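To start, the structure itself, in structure tokens.
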There are 2 protein chains.
Amino acid sequence: MLQEFGELNTKVYHVVSGLLRSYTLDKKGKEHIFMFGPEGWVVGDNVPPEIPCQLYIDAIEDSELYVLPKDLKRENKNAEAFIKRLGVLQKRVIMLMSASAIERYEHFEETYPDIMNRVTQKMIASYLGITPEA
Amino acid sequence: MLQEFGELNTKVYHVVSGLLRSYTLDKKGKEHIFMFGPEGWVVGDNVPPEIPCQLYIDAIEDSELYVLPKDLKRENKNAEAFIKRLGVLQKRVIMLMSASAIERYEHFEETYPDIMNRVTQKMIASYLGITPEA
DNA sequence: CAAAAAACTTAATGTAGATTAAGAATTTGA
DNA sequence: TCAAATTCTTAATCTACATTAAGTTTTTTG
């Protein structure tokens, strides 16, 4: 477990190997996966350091990470990573608003081609915003 | 109309006054509002300049804008704006995955307190990911 | 200002996905 | 290595929201 809901001044995790996951719990205690973090991805809570974080982050495989401060000024060379991140989130919102569960599944396969067999179907459902049964 | 779907090298719009809207059309031609841009907000397509953009952007009120190049290097002082943007998007994804239409409506009221009476209910429905009837 | 277009309202019906349940298969961990 | 926990599967039932339709109000525009 790398980060709990509500912590302040949380870190940003650059994944060298392994697999991270960030998620929320809703008021019924149900888990909703926000993002997977396989090799090369960056995982963090997208809120300013002084605001309590909204996500849990844990590793679902043994992982090697670079742990970075959230403070942006220092990583302006990472601007590319931020644009990419915004692009992924934008697409995710569009899919959640306008696509069926099946279409979102197909888009998931494209976004994370390498992790299909590294996560449970329950986790995929959680990422898609549906139940494992569906 | 400021930006059409599929354009390259699109701009970023800093809203001084008025109200912008970015949206997609799904395969049925249905409109899905991605973001509103009232005074002080920044609206743009979050994809790299060389990738065809995914959003339409238009003004729904007479507006005054600063038109900025998408190129990030130049605006590293705007890093704050990017963090804020990521935070808004993160929350939006979480809400779309785990909250009911009514809860999303309430969250919309908090996110955009000043525009409730400046947009049609049809647009609010489009933003929430539901039909106007619902 | 008047006609046309767009938005709103209400209501009946339809459906994607949720919920619940319970047994089978797989994974985990002492 | 085996018991416990978790995940998967199937199926019946339920529900939030979609779809359709048609009349009404409001806004836009020539």
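On a predicted model such as this, the values are computed, not experimentally measured, just so you know. Residue numbers begin at 1 in each chain, while the letters A, B, ... track the order of the sequences.
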Problem set entry | Distance, rounded to the nearest Å, where B:Met123 contributes CE and C:dA6 contributes P | 12 Å

Seminar exercise, completed: Per-nt protein contacts along nucleotides 10-22 of chain C (heavy atom under 4.0 Å; B base, S backbone sugar-phosphate only, - none) come out as BB-----SSBBB-

Problem set entry | Whole-Å gap separating P (D:dA5) and NZ (A:Lys122) | 14 Å

Problem set entry | Minimum side-chain heavy-atom gap B:Tyr13-B:Leu20 below 4.5 Å | yes

Problem set entry | Separation of D:dT27 C1' from B:Asn117 CG (nearest whole Å) | 16 Å

For this session: In plain terms, say whether B:Glu7 and B:Lys70 are close enough for a salt bridge, that is, a side-chain N and a carboxylate O under 4.0 Å apart.
Result: no

Exercise. Just how large is the angle between the end axes of the helix from C:dC1-D:dG30 to C:dA30-D:dT1, five pairs per end, to 10 degrees?
Worked result: 70°

Problem set entry | Distance, rounded to the nearest Å, where B:His32 contributes NE2 and D:dA18 contributes P | 10 Å

Problem set entry | Side-chain H-bond candidate by donor/acceptor type, A:Asp45 with B:Gln90, under 3.5 Å | yes

For this session: Decide whether a cation-pi geometry holds between A:Arg92 and A:Tyr127; the criteria are a distance under 6.0 Å from NZ or CZ to the six-membered ring centre and an angle within 45° of the ring axis.
Result: yes

For this session: Name the orientation class of the two ring planes belonging to A:Tyr23 and A:Tyr56 (parallel below 30°, tilted from 30 to 60°, perpendicular beyond 60°).
Result: parallel

Problem set entry | Charged N-O contact under 4.0 Å between A:Arg21 and A:Glu61 | no

For this session: Using only heavy-atom distances, determine whether the side chains of B:Asn46 and A:Arg85 contain a donor-acceptor pair under 3.5 Å.
Result: no

Problem set entry | Length of the line joining A:Gln121:CD and C:dT26:P, which is rounded to integer Å | 12 Å

Exercise. Do A:Glu39 and A:Ser17 have a side chain donor and acceptor closer than 3.5 Å?
Worked result: no

